[in-house]
Amino acid sequence: MTDIAATDELFFTRAGLDRIRVQDLVDDALTGTDDGELFLEYRQSESVVFDDGQIKSAAFDTSQGFGLRAISGEVTGYSQASELSEDAIRRAGETVKTVCSGKGGTFAAPPGTNKNLYCDDNPLSLVDFETKVDLLADMDAYARGRDERVVQVSASLSGNWQAVGIIRQGGERAADIRPLVRLNVSVIVEKDGRMEAGSHGTGGRVTYEQYLEEDAWKAAVDEALRQALVNLESVPAPAGEMPVVLGPGWPGILLHEAIGHGLEGDFNRKKTSAFAGLLGERVAAPGVTVIDDGTIEDRRGSLTIDDEGTPSQRTVLIEDGILKGYMQDRMNARLMGVPCTGNGRRQSYAHAPIPRMTNTYMLAGDHDPEEILKSVDNGIYAVSFGGGQVDITSGKFVFTCTEAYRIENGKKAAPVKGATLIGNGPDVLTRVSMIGNDLELDPGVGTCGKDGQGVPVGVGQPTIKIDELTVGGTEV
């Protein structure tokens, strides 16, 4: 892979490491174990926040380090350090090789190639600081000029450039260089003493250039302002059991949280998921097909290789309502006797990899979105979500809507405020009765948390109708 040469410059030439001696240290530490790797990381990150006409904060950080992992059966030894030296790796090796040797399972190498899915340019160095500040100032001025009700604007730009190298016993190596940027804007409007907010973000594994284009950043501001103005006219949300229509794109975050986590390999191996033991069985309504795909070019959740060195894949999780598979890292795949799917991910060198989603979405159906709305006499149309909570074992979830509308007599009616959706992930899948033909992926803002680790992800779905769901509201 071409990135190996570039990462060798960072991890060996600049850091003063000898590749052959490092390989010897890895071989020694992993002798007699089932699996393991040395994970090397170099990262640069920055963020600039512009709030109410001035720079609120600006940060730049450079970090590097390694994590050495040894696995025997289900037991993991992990040692990490921010010091890239042979002595530090040697000390880490002495720690992790105390893991008891005990073979457990066999590893099945997945098919596929590690085709580069994004450029390896460093977005932080391609655009100067003044240009970034000017962009955020222009967004602030543009938002205020669009509507006299705008009372506060906050815009931010952030970027990451991460280089990783993976070294395994016997000389197996992999490397990746990953750019990641994000542009966010939030707007607060006021009318007759009432204040409401709207926000929008976009991003991906690209450089900053496309967000410097006037049409791109103006579209982001317009969307945040539109949402704020919609919320300014919102009425209290109804409560009770009713049909719910979920819009395309970002509402896929409900799919990610309520269903996606339950399809990760570790939860199913330990039988703590509501989907454990259900392979080959119907778990969703006919027509529901759910995919996890880390191979989509430039997407926020995409990976040329995962953090164990496995090429990313397109994994069918649910096909026409039938459970087909789980997302696997190397350890859980080995212990379950199935192929790895390239879903071993970690936040940084300080964390051991675990099964995580990449870009998770539902495929489109054949219904026109307007046809779906027309099928509902009285319900809720949820367009965007904020925070949510889910219990993996039971599948129960609660999500807060940041933009939603009443549906009355088959038409989108007044916007509502304070709506929450309450349900059970596996149960909700069986209540999907109509699937739109308008599949969209989110604009590139998702971050997923699990076991104290956050990683960038993507979500998506078409418009879908759920025949009955509990809506928590504020209407009296």
Side-chain angles (χ1 to χ4, degrees), residues 191 194 196-198 223 226-259 284-288 290 321 362 364-390 395-440 442 459-476:
K191 178 183 178 182
R194 178 178 176 177
E196 296 290 348
E223 177 59 21
R226 182 199 65 79
Q227 189 181 106
L229 294 176
V230 165
N231 289 331
L232 198 60
E233 304 301 322
S234 61
V235 299
E241 300 281 334
M242 64 189 72
V244 172
V245 175
L246 302 180
W250 179 244
I253 190 64
L254 189 150
L255 180 78
H256 168 104
E257 294 288 359
I259 297 153
V288 173
V290 180
M362 183 187 296
D366 54 11
H367 289 282
D368 183 272
E370 288 299 318
E371 176 190 2
I372 296 176
L373 284 174
K374 288 179 181 178
S375 72
V376 178
D377 290 329
N378 181 40
I380 290 291
Y381 176 41
V383 176
S384 186
F385 291 104
Q389 293 180 329
V390 62
K396 294 180 180 179
F397 64 81
V398 178
F399 276 89
T400 302
C401 299
T402 55
E403 182 181 354
Y405 302 83
R406 296 199 74 148
I407 303 174
E408 297 177 349
N409 300 317
K411 296 181 179 180
K412 185 174 76 172
V416 296
K417 181 179 178 65
T420 58
L421 303 185
I422 305 165
N424 177 287
D427 181 57
V428 163
L429 284 180
T430 66
R431 300 186 183 189
V432 175
S433 61
M434 300 178 78
I435 304 174
N437 56 14
D438 57 341
L439 168 64
E440 290 182 14
D442 77 285
V459 300
Q461 66 173 44
T463 298
I464 63 172
K465 177 185 175 183
I466 302 169
D467 281 338
E468 188 176 75
L469 192 60
T470 300
V471 177
T474 55
E475 187 178 60
V476 293

| message | Would L232 and R194 count as a side chain to side chain contact (heavy atoms under 4.5 Å, CB included) here? Give the steps. | response | CA-CA 7 Å; L232 198 60; R194 178 178 176 177; 4.2 Å; yes

| field | Where V459 and H256 come nearest, the two heavy atoms and their spacing | value | CG1-CB, 3.6 Å

| Minimum heavy-atom distance Q227-G198, with the two atoms named | OE1-CA, 3.6 Å

| task | Check step by step if side chain to side chain contact (heavy atoms under 4.5 Å, CB included) holds for I407 and L373. | result | CA-CA 7 Å; I407 303 174; L373 284 174; 3.7 Å; yes

| Is the backbone N or O of A413 less than 3.5 Å from a side-chain atom of R406, with the two atoms forming a donor-acceptor pair by type? | no

| message | Taking the side chain as everything from C-beta on, heavy atoms only, tell me whether K465 gets closer than 4.5 Å to H367. | response | no

| query | Going from CD on Q461 to CG on L439, what distance comes out if it is rounded to the nearest 0.5 angstrom? | reply | 9.0 Å

| request: Grab the two heavy atoms, one from V288 and one from M362, that are nearest each other, plus how far apart they are. | output: CG1-CE, 4.0 Å

| Out of I380, I466, V383, which residue meets the side-chain contact (heavy atoms from CB on, under 4.5 Å) rule with L246? | I466

| said: Could you go through I435 and I464, starting from their C-alpha distance and side-chain angles, then the distance that decides it, and tell me whether this counts as side chain to side chain contact (heavy atoms under 4.5 Å, CB included)? | reply: CA-CA 5 Å; I435 304 174; I464 63 172; 4.2 Å; yes

| request: Check A382 against L421 and note the closest heavy-atom contact, atom names and distance. | output: CB-CD1, 4.4 Å

| message | With heavy-atom distances below 4.5 Å as the criterion, would you say the side chains of K396 and I422 are in contact? | response | no

| message | For M434 versus S375, what's the shortest heavy-atom pair and its separation? | response | SD-OG, 3.4 Å

| field | Reported CG-to-NZ distance for the pair D377 and K411, which is rounded to 0.5 angstrom | value | 12.5 Å

| Taking it one step at a time, do E257 and F397 satisfy side chain to side chain contact (heavy atoms under 4.5 Å, CB included)? | CA-CA 8 Å; E257 294 288 359; F397 64 81; over 6 Å; no

| field | Spatial distance of atom CG (L469) from atom CZ (F399) [nearest 0.5 Å] | value | 11.0 Å

| field | CZ-CD distance between R431 and E468, expressed to the nearest 0.5 angstrom | value | 5.0 Å

| Is it true that the NZ or CZ of K412 lies under 6.0 Å from the centre of Y405's six-membered ring and within 45 degrees of the ring axis? | yes

| Short side-chain to backbone donor-acceptor contact, T463 and G436, under 3.5 Å | no

| Going from CD on E403 to OH on Y381, what distance comes out if it is rounded to the nearest 0.5 angstrom? | 8.5 Å

| Step by step, would you call K374 with E371 a salt bridge (charged side-chain N to carboxylate O under 4.0 Å, His left out)? | CA-CA 5 Å; K374 288 179 181 178; E371 176 190 2; over 6 Å; no

| said: How long is the straight-line distance from NZ of K191 back to CD of E196, given to the nearest 0.5 Å? | reply: 12.0 Å

| message | Ignoring hydrogens, what is the shortest heavy-atom contact between P236 and V416? Give both atom names and the distance. | response | O-CG1, 4.2 Å

